[in-house]
Amino acid sequence: MKTEYVDLRDGKDIDEGLYKAAQIIKNGGLVAFPTETVYGLGANGLDENAVPKIYEAKGRPSDNPLILHISEFDEIKNIVKEIPNTAFVLADEFWPGPLTMVFKKSNIVPYRTTGGLESVAVRMPSNKIARELIKMAGVPVAAPSANSSGRPSPTKASHVMEDLAGKIDMVIDGGAVDIGIESTIVDMTGEVPIILRPGFITEEMLSEAIGRVEVDEAVKSLVQGLDFKPKAPGMKYRHYAPSGKMVIYKGDSKKVIELINEEIKKLIGKKTAVLATDETKDLYEADIVVSVGSRQNAENIAHNLFDVLRKFDEMGAEIIFSESFDENKLGFAIMNRLHKSAGYNIINV
Ligand code: AMP
Ligand code: MG
């Protein structure tokens, strides 16, 4: 299959490009498009024949459910059975934006979209291209991240092309995404909303809006998969991972730097890399040192994280040492992605 690349970065010919893309989705094809979180790989989420193509292109396990994307709040009414009051409040506060809510699904949502579950995840993105495309397609758009399953999520159109060229119908280039990590997912089907995946919308922001919110035990526990089965099925897979072996060092910054440098010295003949910060990048003796941003700016770190992980692959890093970050607020989502990238390989200094 030839993948058509459509560049909408300069804002010209947007209508023409989106019209074509919407036709592809209506006809059961696949279009990758920018959202404010990461690039998504879209198909008609109500089309049982289109949805499997997403799984095939990504190499995604079929029990890992998809998020349905809508462009207006009213569109949710067809796809969910009931909307609790707290969901109206969250929608009011955070939609359009990087928040996904899980509801009981209506009958028109195929099990192929929900990985066999009775629930469905829904999000209204704020990215203009995304919202316009969904509106023009006239259907809820199922869109997981537009990467090969297991690789770091795509934050640029070039990342999508790397993974999916030749496997999907179209890629829309809308430039680098804004946020850079996936949406916060909250399960709204129980009495108390539960955070299934941390993201840009933090626990604090949610509970300020609706009061009590819980965090899924499996997300809290670092040694995932041992004791707790995560409620968001996708969270059980090793994910966001560069090809090299990755290990996270936690603890006093000076000691972390010292220890990493000691390890690097022992690894003769291996291409070593460090995921560092602006504050520390000049202090390492690895073959490859990349700063993910300043420690003073968590949003910038979130924005750069997946791009940096892909850079390690590009540069052929074999062993990657990573610094760690405070786990409060957005840092919780950043560390969640880092832990998964490293396959929970952590050294406490
Ligand atoms: P992605 O779009 O690639 O970020 O993946 C979407 C993630 O949303 C999946 O991996 C699941 O963890 C989660 N998800 C989607 N639908 C549901 C659902 N019905 N219940 C719980 N989690 C869900
Ligand atoms: Mg994904």
Side-chain angles (χ1 to χ4, degrees), residues 30 32-43 45 51 54-55 57-70 76 79-82 87 98-106 109-125 127 130 134 140-155 159-160 163-164 177 179-190 193-201 214-219 224-225 228-241 302 305-306 309-310 333 336-337 340-341:
L30 301 183
F33 60 94
T35 81
E36 69 277 21
T37 57
V38 300
Y39 272 74
L41 177 58
V51 166
I54 290 181
Y55 288 91
K58 282 178 59 79
R60 182 176 175 107
S62 63
D63 66 346
N64 190 358
L66 307 175
I67 296 170
L68 287 184
H69 293 74
I70 57 175
I76 198 176
I79 53 182
V80 311
K81 259 199 183 132
E82 51 194 41
L99 176 71
T100 296
M101 289 191 270
V102 174
F103 301 93
K104 290 188 180 119
K105 81 171 192 72
S106 75
V109 179
Y111 286 113
R112 287 197 158 159
T113 297
T114 67
L117 298 173
E118 292 298 336
S119 58
V120 62
V122 185
R123 178 164 102 85
M124 190 199 298
N127 178 285
I134 298 162
V141 173
S145 49
N147 51 322
S148 294
S149 201
R151 290 210 73 202
S153 295
T155 56
H159 298 161
V160 181
D163 285 13
L164 300 177
V177 301
I179 293 174
I181 55 175
E182 304 82 350
S183 59
T184 305
I185 304 180
V186 186
D187 183 354
M188 304 301 295
T189 61
I194 303 173
I195 297 174
L196 306 183
R197 178 173 72 186
F200 187 81
I201 309 286
E214 280 172 8
V215 181
D216 186 19
E217 286 299 328
V219 173
Q224 193 168 19
F228 301 106
K229 193 169 181 282
K231 289 201 179 73
M235 298 300 279
K236 72 174 178 257
Y237 298 105
R238 186 172 180 229
H239 231 132
Y240 319 123
L305 181 62
F306 288 133
L309 293 178
R310 278 179 182 261
N336 170 272
R337 304 311 190 270
K340 289 168 74 64
S341 307

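Counting starts at 1 for both ligands and their atoms, in listed order. The model shown is predicted, which means the values in this text are computed figures rather than measured ones.
- Side-chain contact between I181 and I179: present, with at least one pair of heavy atoms (C-beta onward) separated by less than 4.5 Å.
- When each atom of ligand 1 is checked for a heavy atom of S119 under 4.0 Å away, the hits are 18 (C), 19 (N), 20 (N).
- Close approach of ligand 1 to S145 is summarised as follows: ligand atoms under 4.0 Å from at least one heavy atom of the residue are 1 (P), 2 (O), 3 (O).
- In this structure, V38 and N147 have side chains that are not in contact, with every pair of non-hydrogen atoms separated by 4.5 Å or more.
- Near N64, meaning under 4.0 Å from one of its heavy atoms, ligand 1 places the atoms 9 (C), 10 (O), 11 (C).
- The shortest non-hydrogen separation linking L66 to A142 is CD1-CB, 3.9 Å.
- Of all atoms in ligand 1, listed by their number and element, those nearer than 4.0 Å to a heavy atom of L117 are 18 (C), 19 (N), 20 (N).
- Scanning all heavy atoms of the two residues, the minimum distance from A43 to I54 falls at CB-CD1, 3.6 Å.
- Contact check for S149 versus P61: side-chain heavy atoms found under the 4.5 Å cut-off.
- Looking at heavy atoms from C-beta onward, I195 lies out of side-chain contact with V219 at the 4.5 angstrom threshold.
- Using a 4.0 Å cut-off between charged nitrogen and carboxylate oxygen, R337 and E182 count as a salt-bridge pair.
- Not a single heavy atom of T114 sits under 4.0 Å from any atom of ligand 1.
- Those atoms of ligand 1 with a heavy atom of L196 less than 4.0 angstrom away are 21 (C), 22 (N).
- Residue I185 has at least one heavy-atom neighbour below 4.0 Å for each of these atoms of ligand 1: 7 (C), 8 (O), 13 (C).
- Ring orientation note: the planes of Y240 and F306 are tilted relative to one another, at an angle of 30° to 60°.
- Considering only heavy atoms from C-beta on, K58 comes within 4.5 Å of S145 through its side chain.
- Nearest approach of A146 to L164, heavy atoms of both residues: O-CD1, 3.4 Å.
- Close to ligand 1: R60, with a non-hydrogen atom less than 4.0 angstrom away.
- For ligand 1, the polar-atom distance check against K58 finds no nitrogen or oxygen pair separated by under 3.5 Å.
- Contact annotation for R197 and ligand 1: only side-chain heavy atoms (C-beta onward) come within less than 4.0 Å of the ligand.
- T35 and R123 form a side-chain donor-acceptor contact under 3.5 Å, judged by distance and modelled atom types alone.
- The set of protein atoms (N, O or S) found at less than 2.8 Å from the Mg ion (ligand 2) reads S145 OG, by chain and number.
- The residue D187 has no part lying near ligand 1, judged by heavy-atom distances below 4.0 Å.
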